Number of protein chains: 2
Amino acid sequence: MSVEFAPLTIEPAYRKVAAAIGARILSRELREGERLPSETELARQFKVNRSTVREALRELESRGLVQRRTGSKLMSVSRPQQGAVAAGVSHALMLHDVTVRDLWEALTILEPPIAAGAARRRTDADLARLITAVEAFVAARADTEEAVRLTAGVFRCLGAATHNPVLGLAQEPLLQLLEPSLRVMIDEVPQARTRIATAHRRLLEALQARDADAAQQWMARHIRDFRKGYEIAGIDLEVRVET
Amino acid sequence: MSVEFAPLTIEPAYRKVAAAIGARILSRELREGERLPSETELARQFKVNRSTVREALRELESRGLVQRRTGSKLMSVSRPQQGAVAAGVSHALMLHDVTVRDLWEALTILEPPIAAGAARRRTDADLARLITAVEAFVAARADTEEAVRLTAGVFRCLGAATHNPVLGLAQEPLLQLLEPSLRVMIDEVPQARTRIATAHRRLLEALQARDADAAQQWMARHIRDFRKGYEIAGIDLEVRVET
DNA sequence: GTCGGTGAATTGTCCGACAATCATACGATT
DNA sequence: AATCGTATGATTGTCGGACAATTCACCGAC
């Protein structure tokens with residue numbers, strides 16, 4: 001008779017407290033912006049020490065579920081910010097030895113449909129932001145650092161123009177991981193800036209015309225160009241991405 | 001004369017400590033599995049109180065950068081686990097009012113290329129796992145809960161078979177968010193199980209033959225079927241996803 | 001070599017303390 | 001009236017110390 005017991009996990013109090021508060025936030029019982037009770041009050045309610053409450057708050061804080069509004073002492077409930085969540089994903093991917101090729105492949109899959117969706121659903125405000133971003137890229141030719149940021153910025157504009165938060169959040173980690181290799185590439189490949197600027201212009205035209213097919217095709221070409229740029233710059237596709 | 005000062009941010013000590021340790025992990029100076037010094041020792045090195053160290057550890061813990069190995073007291077460096085990272089993304093998306101339509105659109109974009117990549121790069125072990133998953137789905141027809149899990153499981157097998165961690169991690173939050181609506185659909189639509197099983201079989205055949213086109217097409221059809229299922233089940237596409 | 005005991009180290013939790021900061025109210029000044 | 005200074009109380013960030021429960025590392029008995 002095999003008497004087997006499942007290994008029982010003893011949750012420390014700080015995790016239970018975090019789970020209890022987190023559950024209330026995820027269930028929207030606590031709404032965004034609502035202020036949490038003070039640490040002392042939480043300690044009283046949960047019947048634990050304030051130190052325990054503080055450890056729980058640190059966990060919720062790093063998950064982006066609570067936040068301190070500037071110049072306020074009490075924590076308030078918040079929605080995790082896209083950038084912060086994506087940074088977590090980026091770090092995870094980096095530590096899992098993602099290669100430049102993996103990244104590039106994901107971009108080839110994700111970005112063309114995003115461009116198409118943006119062309120279909122962009123508002124005039126989206127278009128205006130894209131124009132600003134594209135013009136800024138042309139203006140920043142001299143400054144590599146700025147050019148890299150603005151290249152990612154154009155992608156972000158397109159992601160936002162799809163009005164689908166899933167797509168925006170899915171591409172964000174890729175953009176964060178892309179930047180280092182993009183920096184090398186823009187620095188090493190003389191014609192990179194011109195080709196990127198051209199792609200931007202075509203994408204912009206496609207969005208203006210709401211031409212999803214054109215947007216998709218130009219984006220696909222844009223991403224393919226990245227790969228060519230990597231090869232010219234001598235970046236090994238099998239090398240791990242860094243931050 | 002507009003004398004303007006940037007708002008200066010004062011970092012609390014617990015965040016500085018977390019940043020310091022986190023940076024060492026991200027730079028791979030601390031390798032996976034390596035054990036961290038004890039809390040007391042860290043407090044001594046950073047010249048802060050142990051409570052402060054503990055708050056920092058809670059942050060790193062929730063980011064998945066450190067972990068306690070079962071039956072060990074000392075924290076050890078770890079890579080964030082896919083499931084945990086994805087859960088954070090899922091929660092973020094949910095709180096950002098992602099709709100079933102948003103989710104479905106992302107699936108239509110992501111999954112067909114994943115299926116194609118899986119067909120191209122799957123190993124025999126991947127195939128074996130997929131066969132197991134598909135057979136388990138057929139066997140679990142009676143149990144809705146199990147059927148839902150196994151449907152997601154087939155997607156996960158395909159994601160893993162691409163051997164691209166970016167794709168695996170990109171789809172995971174979608175799968176997590178999909179489950180609740182999938183549960184309703186499978187329960188409400190009588191023919192859903194059969195159609196899903198058929199799709200699974202076709203995908204399996206495509207992977208066996210390493211036929212990327214077929215895999216992509218069947219997956220596209222599979223995802224389109226989901227949408228039909230939602231309509232039949234009377235699920236409003238504009239409704240927010242839940243957990 | 002395996003087993004079990006023993007003492008040190010470590011964590012989880014608690015308590016109490018205090019300076020710095022923030023919120024608020026209330027006058028005082030211009 | 002609007003602004004400023006001040007007093008008061010609440011709250012956070014940080015500290016020090018404490019202790020039970022658990023784990024670790026060593027050592028000796030068999």
Side-chain angles (χ1 to χ4, degrees), chain A residues 5-22 24-25 30 32-78, chain B residues 1-22 24-25 30 32-78:
Chain A
F5 292 101
L8 48 84
T9 54
I10 328 128
E11 287 273 287
Y14 60 80
R15 214 169 297 161
K16 282 192 190 171
V17 171
I21 301 177
R24 290 261 196 129
I25 296 175
L30 295 174
E32 186 189 0
E34 200 162 339
R35 280 201 265 183
L36 250 52
S38 74
E39 297 174 354
T40 317
E41 173 62 15
L42 287 170
R44 194 189 61 73
Q45 292 184 18
F46 285 112
K47 292 230 189 297
V48 298
N49 193 271
R50 187 161 79 97
S51 309
T52 306
V53 170
R54 284 180 64 84
E55 293 187 36
L57 288 178
R58 291 299 86 79
E59 179 177 331
L60 294 169
E61 193 178 28
S62 91
R63 287 208 275 158
L65 294 180
V66 304
Q67 209 183 14
R68 206 179 310 286
R69 278 187 296 200
T70 48
S72 168
K73 274 187 156 339
L74 290 167
M75 287 286 198
S76 48
V77 176
S78 70
Chain B
M1 56 201 72
S2 74
V3 184
E4 283 237 10
F5 292 101
L8 49 82
T9 54
I10 16 172
E11 287 273 286
Y14 60 80
R15 215 171 296 162
K16 283 191 188 173
V17 171
I21 301 176
R24 291 260 196 129
I25 296 175
L30 295 174
E32 186 189 359
E34 201 162 337
R35 281 200 277 185
L36 250 50
S38 74
E39 297 174 354
T40 318
E41 173 61 15
L42 287 170
R44 194 190 61 73
Q45 292 184 19
F46 285 113
K47 294 231 189 295
V48 297
N49 193 274
R50 188 162 77 98
S51 309
T52 307
V53 170
R54 283 180 64 83
E55 292 188 36
L57 287 178
R58 291 299 88 78
E59 178 176 332
L60 294 169
E61 194 178 28
S62 92
R63 287 208 275 158
L65 293 180
V66 305
Q67 206 183 16
R68 206 180 312 284
R69 278 187 295 200
T70 48
S72 167
K73 274 186 155 344
L74 290 166
M75 288 285 198
S76 48
V77 176
S78 69

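Bear in mind the structure is a predicted one, so any value in this text is a computation, not a measurement. So you know, we letter chains A, B, ... as the sequences are listed, proteins then strands, and number each from 1.
- A:Ser38 places no side-chain N or O within donor-acceptor distance of the main-chain N or O of A:Leu74, the cut-off being under 3.5 Å.
- Spacing between atom CG of B:Leu36 and atom C1' of C:dA9 amounts to 16 Å, rounded to whole angstrom units.
- In this structure the side chain of A:Arg54 never reaches within 4.5 angstrom of the side chain of B:Arg54, judged on heavy atoms.
- Nearest-nucleotide positions on DNA chain C place B:Leu57 closer to the 5' end than the other of A:Thr52 and B:Leu57.
- The distance from atom CZ of A:Phe46 to atom P of C:dC14 is 13 Å, rounded to the nearest whole Å.
- Looking at which nucleotide of DNA chain C each of B:Leu74 and A:Arg50 is closest to, the 5′-most match is held by B:Leu74.
- Put simply, CD on B:Glu41 is 12 Å from C1' on C:dT10, counting in whole angstrom units.
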Q) Step by step, would you call A:Arg58 with B:Glu55 a salt bridge (Lys or Arg N to Asp or Glu O under 4.0 Å)? A) CA-CA 6 Å; A:Arg58 291 299 86 79; B:Glu55 292 188 36; 2.6 Å; yes
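- Distance CD1 (A:Ile10) to P (C:dT11): 16 Å, rounded to an integer number of Å.
- For A:Glu41 and A:Arg44, the salt-bridge test passes: some basic side-chain N is under 4.0 Å from an acidic carboxylate O.
- Nearest-nucleotide positions on DNA chain D for A:Met75 and B:Ser51 put A:Met75 closer to the 5' end.
- Rounded to an integer number of Å, the gap from CZ of B:Arg44 to P of C:dT10 is 12 Å.
- For B:Tyr14 and D:dT14, the shortest distance from a side-chain N or O to OP1 or OP2 is not below 4.0 Å.
- In this structure a side-chain-to-backbone donor-acceptor pair under 3.5 Å is present from B:Arg68 to B:Lys73.
- Distances from the side chain of A:Lys73 to the nucleotides D:dT23, C:dC22, D:dT14 place C:dC22 closest.
- Within the structure, a side-chain polar atom (N or O) of B:Asn49 is placed less than 4.0 Å from OP1 or OP2 of D:dG16.
- Residue contacts shown for B:Arg54 include a base, since a base heavy atom lies under 4.0 Å away.
- Rounded to whole Å, the distance from CD on A:Glu39 to P on D:dT12 is 4 Å.
- Contact annotation: A:Arg68 reaches the phosphate of D:dG13 (side-chain N/O to OP1 or OP2, under 4.0 Å).
- To the nearest angstrom, P of D:dG13 lies 13 Å from CD of B:Glu59.
- The CZ-C1' distance, from A:Arg35 to C:dA23, rounds to 9 Å in whole Å.
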